[in-house]
Amino acid sequence: MFVLLVASAFNSLCQRMYAELTDHGHRVDVVLASHGEEAVRAAVRETAPQLIVAPMLRTPLPEDIWSACPCLIVHPGPLGDRGPSALDWALHTGARRWGVTVLQAGAELDAGDVWAEVPFDVPPVAKSDLYRGEASDAAVRAVLLAVERFASGGHQPQPQSGAGADSVQVVWRDGFRQAQRRIDWSADPTGTVVRKLRTADSRPGVLDALHGEEFYLHGGWPEDRLRGEPGELLATRAGAVCRATVDGAVWIPELRARRMPGGPRTFKLPAALALGEAADALPPMPAALELPAHRRTWSDIRYRQDGTIGYLWFGFPGGAMSTAHCRRLLAAYRFALTRPTEVLVLGAPRDFFSNGIHLGVIEHAADPGQESWTNVNAMDDLVEAILRTTDRMVVAALGGNAAAGGALLALAADEVWCRGGAVLNPHYRRMGLYGSEFWTYTLPRRVGPAMAAELMERAEPVTAVSALRLGLADRLFPVAPEDFPHEVEQLAAALAGSLDLHRRISEKAAARQRDETARPLADYRREELEHMRRTFFDPEAPYHALRTDFVHKTPGTGSPRPLAGSGTGPMALPGALRVAAPVG
């Protein structure tokens, strides 16, 4: 069946929906409603879809569209929930159980007949993490079920109210406003501050004032030791700032300056970078890599050892890795190599693995071209260190999405383990880049030269299932985000205890030596960086405008059909699935 996705942005959920529907044999295209109603109408006329699905839409579909073609709206709330801020309300009210409902589009917002509903548990995480994790899983299941029901031709969607409807409590919730998010630093305890910050992450943030300037605060983690006057900035750590509450303190990783009337759009930055001199005056409070389990504090890189297994867990906001992020992670990786382990797991327990270089920090730099160059070289240093590790097995554990250089960072490991909901975008073309991170070595090594070229040229998202079939991944964990770290630890233990581990390590070292003799890693790096240097230092290169539009989220830029012409059909997916069944 031909399905047209209509979305306000080609965000993580829209990408996953595209890839999942494609995996299930449907022909799929995407049109961005941010380009206006006429762009949507033009796409509908051109493609003549059998079904329209709106996985993420901030504006209603025009009546002439939903009245002419069946349109299904993905609402991130349970049956009966209505309104534009469903996940915000779920976190604000402390809901432990929520849901995703697929509704028929109609004149009244969120009031259409129900095609599918899937519930999910709500863990204590930030809204953006919940959106890309449990909510995304539920949305995919609900849409696939709704599409299957629609394709059958025999399913009758159920009304939410009125004749023939089961008893459903309909609750309208208005948009969640900044007045409801406001933090009273003189009265709100740490738990309340963290909840407000996490409810607003990553959009729109909590509006507040710092040193006479207004910022949106993004992300919130409790701190168990630092104390000060409520509202006072206490310290910095890895780009984040610590701010005192009435009974403790919180870490805030990112800030976004408030947009001035008539001024340019603003974007998120590491909090200390956004504050500038005000943050420079604060004392740095680095965290040890090996933090005790009982500590309640924020750290974006942690190391833990269990017998002969080392776990280097990291998590950077939005998956973006600045020069500083790369260098700190490389230092942590080198520390991990000094420990007596035979298996080293490198990854993110949930949410993003990595999205490559930090375009926001680059955009903010006085010389974006130079910062681009410095950042990509720092990424290359990290990837090369992993590729040159020959005395133990290295595993990349992807609890969430990976893109561009972040996806290639994962491919530097000996094995790639993915949670079932992860989406990979192993390409650079949509940002006008040739790419680095040794992709010309690792990608053909895994999928072959022809498929490597196709992945780079088509520049389409790939589900974890397809990644497994293609050879981009080695194990698939069909589990909830909360269960992923446990499953990884179980499989890592099995790998560390396997009888052929030492043989595999020896074979890995021999293979690396053969590859180095055939063509040194330095040659791959040099050739890739020649392309990147030309792009970074050419002010007319499309990369600069694409980066600026992406970072500022400039509406109406680029093509309203981001995947039009990217391919002619599903990619060939050879090989059998190797799914790691949940352990225990």
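Basis for what follows: all heavy atoms, side chains included, without hydrogens, waters or symmetry-related copies.
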query: Who passes side-chain contact (heavy atoms from CB on, under 4.5 Å) against Ala244, sequence neighbours left out?
result: Leu234
Geometric class of the Trp115/His155 ring pair [parallel <30°, tilted 30-60°, perpendicular >60°]: tilted
message: I'd like to know if Asp88 pairs up with Arg181 as an ion pair, taking the criterion as any Lys NZ or Arg NE/NH1/NH2 lying under 4.0 Å from an Asp or Glu carboxylate oxygen.
response: yes
message: Asp483: which residues meet the salt bridge (Lys or Arg N to Asp or Glu O under 4.0 Å) condition with it, sequence neighbours left out?
response: none
Non-neighbouring partners of Phe267 that pass ring pair (Phe, Tyr, Trp, His ring centres under 6.0 Å), sequence neighbours left out: His552
Please report, to 0.1 Å, the donor-acceptor pairs under 3.5 Å made by any side chain of residues 210-222, with sequence neighbours excluded.
from   : atom 1 : to     : atom 2 : distance (Å)
Glu214 : OE1    : Arg258 : NH1    : 2.9
Glu214 : OE2    : Arg258 : NH1    : 3.2
His218 : ND1    : Ser202 : O      : 3.1

message: I'd like to know if the side chain of Thr245 pairs up with that of Thr190 as donor and acceptor (distance under 3.5 Å, no hydrogens or angles considered).
response: yes
In a table with atom names and distances, give each donor-acceptor pair under 3.5 Å that connects a side chain of residues 249-257 to protein atoms at least two apart or in another chain.
from   : atom 1 : to     : atom 2 : distance (Å)
Trp251 : NE1    : Glu223 : OE1    : 2.8
Trp251 : NE1    : Thr297 : OG1    : 3.3
Arg256 : NH2    : Pro204 : O      : 2.9

query: If we ignore angles and hydrogens, is there a donor and acceptor under 3.5 Å between the side chains of Tyr303 and Gln305?
result: yes
- prompt: Looking at residues at least two apart in the chain, or sitting in another chain, which of them share a ring pair (Phe, Tyr, Trp, His ring centres under 6.0 Å) with Trp89?
  reply: His92, Phe176
- prompt: Any salt bridge (charged side-chain N to carboxylate O under 4.0 Å, His left out) pairs touching residues 199-211, not counting sequence neighbours?
  reply: Asp208-Arg243
With Glu363 via salt bridge (Lys or Arg N to Asp or Glu O under 4.0 Å) - residues at least two apart: Arg547
query: Which residue pairs satisfy the salt bridge (charged side-chain N to carboxylate O under 4.0 Å, His left out) criterion with at least one member in residues 225-239, sequence neighbours excluded?
result: none
field: side chain to side chain donor-acceptor pair (under 3.5 Å) involving Arg295 - partner list, sequence neighbours excluded
entry: Asp224
query: Pairs in or reaching into residues 103-119: which pass salt bridge (charged side-chain N to carboxylate O under 4.0 Å, His left out), with residues at least two apart or in two chains?
result: Arg82-Glu108
query: Which salt bridge (charged side-chain N to carboxylate O under 4.0 Å, His left out) pairs, counting each pair once, include a residue from residues 91-102, with sequence neighbours left out?
result: Arg97-Asp121
- request: Return the orientation label for the Phe316 and His325 ring planes: parallel under 30°, perpendicular over 60°, tilted otherwise.
  value: tilted
Test item: Thr236 side-chain N/O and Gly239 main-chain N/O as donor-acceptor pair under 3.5 Å: no
query: Any chance the rings of Phe335 and Tyr333 have centres within less than 6.0 Å?
result: no
